[in-house]
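Here the structure comes first, spelled out in structure tokens, and everything after it is commentary.
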Amino acid sequence: MWTPSQAHEGRPPCRPQTQWKTHSAQRFGLRGRDGARPSMYEVRNVAAGAAPGLRVVRGRDGTNSTAVAIWLPHPRVVRQPDESASRLPFRVCLGDGPGLRSAPKTSMPRTLVKAALHAASAMDAIHLQGWVRTRRDAKGFSFIEINDGSSLKGIQVIADASLPNYATEIARTHTGASIEVHGKLVPSKGQGQQWEVVAESFTIIGEADATYPLQKKGHTLEFLREIAHLRPRSNLFGAVFRVRSRLAFAIHQFFQERGFVYVHTPIITASDCEGAGELFRVTTLDPVRPPLTPEGAVDFAKDFFGKKAYLTVSGQLEAEIFASALSNVYTFGPTFRAENSNTSRHAAEFWMIEPEMAFCDLEGNMTLAEQFVKHLIRDAREHCAADLEFFAKFVDKELLTRLDFVLERPFQRCSYAEAIDVLGKCGRNWEHPVKWGDNLQSEHERFLAEEHFKCPVTVYNYPRTLKPFYMRVNDDGKTVCAMDLLVPGIGEIIGGSQREERLEVLREAMAHHQLSEKDYWWYLDLRRFGTVPHAGFGLGFERMLMFITGVSNIRDVIPFARTPGSADF
RNA sequence: UGCCCGGUAGCUCAGUGGCAGAGCAGGUGACUGUUAAUCACUUGGUCGCUGGUUCGAUCCCAGCCCGGGCAGCCA
């Protein structure tokens, strides 16, 4: 967005922007209904005589006394001499929408680049807004590619040298500038695209100078991570975040179509024993001089919640409550783990989907997980085709064949005992020895999914000693109804289980894990009153996104990654 | 947290115990319905930081900072 300082720096003195800037809200003495100056206006130019065009737009930020008007120029207005421009009468009306989109009906609506590219026929009038990806000059005109994020592909705009601001602005436009174009959509005379736009007016909304970090050439992902505020404007990250959005939608669609109820489980929790790793503490106590107990310990009874509180590591226990009432539920929200994990597939803040189903056993749980994963892949294949093809071309050549292969085949299922057997007999020299009772290591999981089964595989019935207290104990007394879904390239993407619904067995398990029944009285109550067999799992949203896009680092599928030592932006 | 690799122009990277290099980006010019356009010329440097060795360190050594990979923990 334009700021006053940017408006003055490095510009010729008599640019239209500078003149139009004087038509600020203050000059007109605008006041909103509450007496405050509005932060946004729409100004309609009446005197210019042309079809009324929306002219304004964004005002001040509330403290700065100088309003900045970013305007949508009409060609006839732009050509006004600067002196007269400042005297043009305006009719001003307050707008309440988010900027340019609140244009009145008399203004030409904005067309997204995606829609323009898929136009069925030529258009006499089109209005585009977006950011310059590249400019190529020809004799007498320039090619300017605009992208507005609506699609991977941008649209080519032809800006003729006869445009009034060609020499002063258009020919100096750099990659990254935000611009606005009015013109015609016509069949392209060149190769490589069906449509292009011949500009009748071309306005720079916000210049980007030569220091704009994104170039037309490829950048490393490490560099782009350092400019996370600009990387969504790159091809790769635009595609990643479009897919992320679509995937979030598909998740809701999957569950809603099946009658699952969306539950918002708390983000702040006071149970510190959920069994899923280190927690972030939430506190309002003074870190330097906290209140102390008579014994000299920090007195958390004086903290905000009257006890220790944390950010959630899982919504499962609360989801079980709701499944015990609404039958089938799911959560989808942020999750926090304070582990010092420095890998390409761990983040301190990530999003997790946790369905929980009453009257459901491990078998049903595994079946749902498979249907769920396949639904997400199928949805992305169908609705994000262009973006996935981009990933297949530049990120992972095998992506599409792998996704299609996963869609076509049933997932393999393999008990932990069978897995140990397979790993022990395959003749490999494992870095970590394979032994019943030990965790499957990364190398083991990868071997199962990538080499032995060559497809997603669900490993189930793990040794009781490896898993948390709430998992249902099998009849053998040694294993629990746990399941992990392993996928090629990522490893574990889902972890879940059938929950222990028998009160006495659960109490024994809690005692064994040294958990206090007092802290979990409500969890035990679920087994006292109308208990049912139930099951659920957790899917790491970012890991699913990694699998679907082929992007190999979790930091590149989340807008602003939080990892140990890093919480920028 | 452990092990390993890296840090040189805005970006991607070469390089050397003795004047700091290329491609791209930026600038100037030429050419052109171009597609990461092309061609010529050109601006641009705390060689991560601190200390040490040395006549001399971007280079060798130590410590630190930052980034990445792998492992553990997990989703």
Side-chain angles (χ1 to χ4, degrees), chain A residues 133-145 153-160 172 174-176 186-193 196 198 208-227 230 234-235 274-278 313-316 332 334-354 369 394 431-432 438-446 466-468 483-487 490-496 537-547 552-558 563-566 568:
Chain A
R133 280 295 176 82
T134 172
R135 189 194 85 229
R136 296 179 290 272
D137 295 331
K139 194 164 192 78
F141 62 97
S142 291
F143 298 102
I144 295 164
E145 189 182 325
K153 206 163 155 38
I155 194 161
Q156 176 164 286
V157 172
I158 312 298
D160 195 85
R172 295 165 173 268
H174 291 107
T175 300
V186 300
S188 176
K189 292 181 195 168
Q191 303 294 312
Q193 61 275 316
E196 64 189 18
V198 176
D209 67 18
T211 64
Y212 181 67
L214 286 174
Q215 296 174 10
K216 293 183 243 181
K217 301 256 173 193
H219 290 290
T220 61
L221 295 174
E222 290 80 9
F223 171 67
L224 291 168
R225 267 172 225 152
E226 293 170 7
I227 51 167
L230 296 173
S234 67
N235 284 331
E274 290 174 3
E278 298 292 312
V313 292
S314 167
Q316 179 203 315
F332 182 15
T335 307
F336 308 89
R337 305 268 167 95
E339 264 132 22
N340 192 6
S341 299
N342 291 288
T343 80
S344 55
R345 55 189 194 285
H346 287 87
E349 176 183 302
F350 63 99
W351 284 59
M352 189 156 65
I353 301 100
E354 296 179 284
F394 292 106
E431 190 177 327
H432 304 269
D438 286 353
N439 258 318
L440 295 184
Q441 302 298 313
S442 207
E443 57 175 341
H444 307 142
E445 295 183 346
R446 293 188 61 137
L466 298 177
K467 293 294 181 180
M483 62 173 234
D484 285 352
L485 176 61
L486 315 176
V487 298
I490 315 279
E492 182 178 346
I493 198 168
I494 280 179
F537 60 81
L539 171 91
F541 184 49
E542 283 79 13
R543 289 194 181 170
M544 188 69 212
L545 207 46
M546 290 165 72
F547 185 67
S552 60
N553 194 311
I554 199 168
R555 300 174 184 94
D556 299 325
V557 296
I558 191 163
T563 51
S566 174
D568 294 332

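What you are looking at is a predicted structure, and each value in this text was computed from that prediction instead of being measured. Chain letters run A, B, ... following the sequence lines, proteins first and then strands; every chain starts at 1.
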Atom pairs, protein N/O to nucleotides 34-36 of chain B N/O, distance under 3.5 Å:
residue : atom : partner  : partner atom : Å
B:rU34  : O2   : A:Arg136 : NE           : 2.6
B:rU34  : O2   : A:Arg136 : NH2          : 3.1
B:rU34  : N3   : A:Gln156 : OE1          : 2.8
B:rU34  : N3   : A:Gln156 : NE2          : 3.0
B:rU34  : O4   : A:Gln156 : NE2          : 2.6
B:rU34  : O4   : A:Gln193 : NE2          : 3.0
B:rU35  : O2   : A:Gln193 : OE1          : 3.3
B:rU35  : N3   : A:Gln191 : O            : 2.8
B:rU35  : N3   : A:Gln193 : OE1          : 3.1
B:rU35  : N3   : A:Gln193 : NE2          : 3.4
B:rU35  : O4   : A:Gln191 : N            : 2.7
B:rU35  : O4   : A:Gln191 : O            : 2.1
B:rU35  : O4   : A:Gln193 : NE2          : 3.3
B:rA36  : N1   : A:Gly218 : N            : 3.3
B:rA36  : N3   : A:Lys216 : O            : 3.2

What integer number of Å spans the [atom1] atoms of [N] and [M]?
N	M	atom1	result
B:rU58	B:rG51	P	12 Å
B:rU12	B:rG52	P	32 Å
B:rG17	B:rG6	C1'	22 Å
B:rG63	B:rA25	C1'	37 Å
B:rG18	B:rU28	P	38 Å
B:rG21	B:rC4	P	35 Å
B:rC31	B:rA40	C1'	11 Å
B:rU53	B:rC59	P	14 Å

Task: Dot-bracket pairing map - RNA chain B, Watson-Crick plus G-U, both contacts under 3.5 Å, | cross-strand - done: (((((((..((((....[..)))).(((((.......))))).....(((((..]....))))))))))))....
Task: Side chain A:His346 and base B:rC74 donor-acceptor under 3.5 Å - done: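 In this structure, the two groups form a donor-acceptor pair.
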[X] [atom1] to [N] [atom2]: how many Å, rounded?
X	N	atom1	atom2	result
A:Ile144	B:rA37	CD1	P	13 Å
A:Asp484	B:rC73	CG	P	12 Å
A:Glu354	B:rC74	CD	P	15 Å
A:Leu221	B:rU12	CG	P	11 Å
A:Gln215	B:rG26	CD	P	8 Å
A:Phe223	B:rC24	CZ	P	18 Å
A:Ile490	B:rC74	CD1	P	18 Å
A:Leu440	B:rG72	CG	C1'	14 Å

Open item on the list: Using modelled atom types and a 3.5 Å cut-off, is there a donor and acceptor pairing between side-chain atoms of A:Ser142 and backbone atoms of A:Ile144?
Closed with: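 Judged by distance alone, no pair lies under 3.5 Å.
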Qualifying residues under side chain to side chain donor-acceptor pair (under 3.5 Å), relative to [X], sequence neighbours excluded:
X	value
A:Gln316	A:Glu320, A:Tyr470
A:Gln156	A:Arg136, A:Glu196
A:Ser234	none
A:Thr220	none

Task: Qualifying residues under side chain to side chain contact (heavy atoms under 4.5 Å, CB included), relative to A:Glu443, sequence neighbours excluded - done: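 Partners of A:Glu443 by the side chain to side chain contact (heavy atoms under 4.5 Å, CB included) criterion, ordered by chain and then number, come out as A:Trp430, A:Glu431, A:His432, A:Gln441.
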Task: A:Glu145: which of A:Thr134, A:Val157, A:Thr175 passes side chain to side chain contact (heavy atoms under 4.5 Å, CB included) - done: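 Of the listed residues A:Thr134, A:Val157, A:Thr175, the side chain to side chain contact (heavy atoms under 4.5 Å, CB included) partner of A:Glu145 is A:Thr134.
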TODO: Would you please name every residue forming a salt bridge (Lys or Arg N to Asp or Glu O under 4.0 Å) with A:Asp438, sequence neighbours left out?
DONE: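 Salt bridge (Lys or Arg N to Asp or Glu O under 4.0 Å) list for A:Asp438, sorted by chain: A:Lys435.
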Task: Partners meeting salt bridge (Lys or Arg N to Asp or Glu O under 4.0 Å) with A:Asp137 (sequence neighbours left out) - done: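 A:Asp137 satisfies salt bridge (Lys or Arg N to Asp or Glu O under 4.0 Å) with A:Arg135 once adjacent residues are dropped.
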Task: Derivation of the side-chain contact (heavy atoms from CB on, under 4.5 Å) call for A:Ile158 and A:Phe143 - done: CA-CA 5 Å; A:Ile158 312 298; A:Phe143 298 102; 3.5 Å; yes
TODO: Could you tell me whether A:Asn439 contacts a base, only the sugar-phosphate backbone, or nothing, with contacts defined as non-hydrogen atoms closer than 4.0 Å?
DONE: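 Sugar-phosphate, backbone atoms only, no base.
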Open item on the list: Using a 4.0 Å heavy-atom cut-off, does A:Ile353 contact any base of the nucleic acid, only the sugar-phosphate backbone, or nothing at all?
Closed with: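 The residue A:Ile353 makes no contact with any strand.
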Open item on the list: Which is more 5' along RNA chain B, the nucleotide nearest A:Glu492 or the one nearest A:Ser566? Just name the residue.
Closed with: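 Its nucleotide being nearer the 5' end, the pick is A:Ser566.
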Open item on the list: With nearest nucleotide decided by heavy atoms, which residue, A:Phe541 or A:Gly140, maps closer to the 5′ end of RNA chain B?
Closed with: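 Its nucleotide being nearer the 5' end, the pick is A:Gly140.
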- [ ] Kindly write out the residues that satisfy ring-ring contact (aromatic ring centres under 6.0 Å, His included) with A:Phe350, not counting sequence neighbours, or none if the list is empty.
- [x]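 Not a single residue meets the ring-ring contact (aromatic ring centres under 6.0 Å, His included) criterion with A:Phe350.
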- [ ] Check ring-ring contact (aromatic ring centres under 6.0 Å, His included) between A:Phe541 and all other residues, then give those that pass, not counting sequence neighbours.
- [x]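 If we apply the ring-ring contact (aromatic ring centres under 6.0 Å, His included) test to A:Phe541, skipping adjacent residues, the hits are A:Phe332.
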Open item on the list: So that I can tick it off, tell me whether A:Arg225 and A:Asp568 are bridged by a salt bridge, with the cut-off set at under 4.0 angstrom between side-chain N and carboxylate O.
Closed with: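 No, this pair does not count.
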TODO: Specify the glycosidic conformation (syn or anti) of B:rC31, with syn defined as within 90° of 0.
DONE: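 B:rC31: anti glycosidic orientation.
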Open item on the list: Quick check on B:rG10: is either OP1 or OP2 less than 4.0 Å from any side-chain nitrogen or oxygen of A:His174?
Closed with: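 It does not, given that no N or O in the side chain of A:His174 lies less than 4.0 Å from OP1 or OP2 of B:rG10.
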Find every protein N or O atom lying less than 3.5 Å from an N or O atom of nucleotides 69-71 of chain B, and list the pairs.
residue : atom : partner  : partner atom : Å
B:rG69  : OP1  : A:Asn553 : ND2          : 2.6
B:rG69  : OP2  : A:Arg555 : NH1          : 3.4
B:rC70  : OP2  : A:Ser344 : OG           : 3.3
B:rC70  : N4   : A:Asn342 : O            : 3.1
B:rA71  : N6   : A:Asn342 : O            : 3.2

